[in-house]
J.: 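One structure coming up, written as structure tokens, with questions to follow.
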Amino acid sequence: MALKVQDYKTDVHNNWCPGCGDFGILNSIQMTLAQMGLEPHRVALFSGIGCAAKTAHYVKVYGTHTLHGRVLTFATGAKLANPDLTVIAVGGDGDGLGIGAGHFVNAGRRNVDFTYVLYNNGVYGLTKGQASPTLKLGVQTKSLPQPNVNQGINPQLLALSAGYTFIARGYAFDIPHLVRLIQQGIEHKGSAFIDVLQPCPTYNDINTRDWYGGLDRLNEQGKAIPRVYKLEDQGYDPVIRPGMGQEESQGKLSQFVEKALEWGDRIPIGVFLKNEATSTYEERIAQRIPFYRETPPAKRPICDSGQHPTADLTSFFEELQVT
Ligand code: SF4
Ligand code: MG
């Protein structure tokens, strides 16, 4: 029987503020899972701490609301323990790029096959709107007594230098586009990072839905000139293929950096980079541990017929040559 969006909804009361961009991201995740026909018991969704992290309560798959900044450690562990799972991590910009920045960088180095959706609103919404790591220098949202005194992190550039092999940006109120991005992220073999611009109508009164939509600037016909535009509409090709020459690969990285730095009057969304030439962590592990694919940790018997525990990962560690 075909799965429907309704099959991924829980009856947990949603207490996000009216008009929050989180709703668009939540709907996009549920629509993507339904569209891909991924059975709920084969999907694990992990979240950090913050408004966005409540997503784990609202999607009817295996869900775990974890610790502040630690979501990628859980996602990594789950995927390595059971490579057959579709693993999705979610969280806000404060969670992922503030306290979680160390994990963000080191997860990128591994290239584990998970999809990380970052809800990026420039503020710590759950704790009353302090400046988050992505808020730009000099921007003063309504709960700040002074303009932001720090530079904002550029999530795309950080993801590139960390080693993420799929890097994208979506917009919470362009759901059909975001569904396409999340599907591509899940289908990608390796760590997929999707930064989603997510208006927070309660605390970020600068980067609002109207601002992204360009309602503050009208053309001669009185129509808004949107800031957000799609990379694919410009013929942008993000793919680095196996065997691609150095010059061509460098050209891809140059166009990536140019687009990653674009902000303000024009804000690109879409797939910035898709690197198909880098092995995944699971592939590297399988090369060292011949039986990893057939019997990863989650598929090993934990007791014998007499109910005596048999869990023993000694052979894994011996193969990995760690103690
Ligand atoms: Fe959404 Fe902001 Fe409200 Fe949090 S505080 S639920 S991010 S609108
Ligand atoms: Mg935030």
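Counting convention: from 1, in listed order, for ligands and their atoms alike.
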J.: For the metal site, I want the angle between atom O of V123 and atom OD1 of D93 with the Mg ion (ligand 2) at the apex, to 10°.
T.: 120°
J.: How long is the gap from NZ on K252 to CZ on R241, to the nearest 0.5 Å?
T.: 5.5 Å
J.: Can you pull out the closest protein heavy atom to atom 4 (Fe) of ligand 1? Residue, atom name and distance to 0.1 Å, please.
T.: C51 SG, 2.4 Å
J.: If the plane angle is over 60° it's perpendicular, under 30° parallel, otherwise tilted; pick one for F272 and F256.
T.: perpendicular
J.: Closer than 4.0 Å to some heavy atom of G125 - which atoms of ligand 1 meet that?
T.: 5 (S)
J.: Heavy-atom contacts with Q198 under 4.0 Å: which atoms of ligand 1 show up? List them by number with element.
T.: 7 (S)
J.: At a threshold of 2.8 Å, where the distance has to be below it, does atom 3 (Fe) of ligand 1 have an N, O or S atom of C20 nearby?
T.: no
J.: For ligand 1, indicate whether the residue Y203 contacts it via side chain, backbone, both or neither (heavy-atom separation under 4.0 Å).
T.: side chain
J.: Please write down residue, atom name and distance for the protein heavy atom closest to atom 2 (Fe) of ligand 1.
T.: C200 SG, 2.3 Å
J.: Please list the nearest protein heavy atom to atom 7 (S) of ligand 1 with its residue and the distance rounded to 0.1 Å.
T.: N121 ND2, 3.4 Å
J.: Measuring to the Mg ion (ligand 2), does G92 have an N/O/S atom at a distance below 2.8 Å?
T.: no
J.: If the plane angle is over 60° it's perpendicular, under 30° parallel, otherwise tilted; pick one for F23 and W16.
T.: perpendicular
J.: Answer yes or no as to whether an N/O/S atom of D95 is found below 2.8 Å from the Mg ion (ligand 2).
T.: no
J.: Check the orientation of W263 and W211. Use parallel for under 30°, tilted for 30 to 60°, and perpendicular for over 60°.
T.: tilted
J.: Measure the distance from atom 6 (S) of ligand 1 to every protein heavy atom, then report the residue, atom name and distance (to 0.1 Å) of the closest one.
T.: C17 N, 3.5 Å
J.: Looking at D22 and K54, does any basic side-chain N land under 4.0 Å from a carboxylate oxygen?
T.: no
J.: Checking only N/O/S atoms, does Y119 have one that is under 2.8 Å from the Mg ion (ligand 2)?
T.: no
J.: For the atom pair CD1 (I167) and CG (L157), what is the distance rounded to the nearest 0.5 Å?
T.: 8.5 Å
J.: For the pair F193 and F104, name the ring-plane relationship: parallel under 30°, tilted 30 to 60°, perpendicular over 60°.
T.: perpendicular
J.: Just checking, R266 and Y229: is the charged tip under 6.0 Å from the six-membered ring centre and within 45° of the axis?
T.: yes
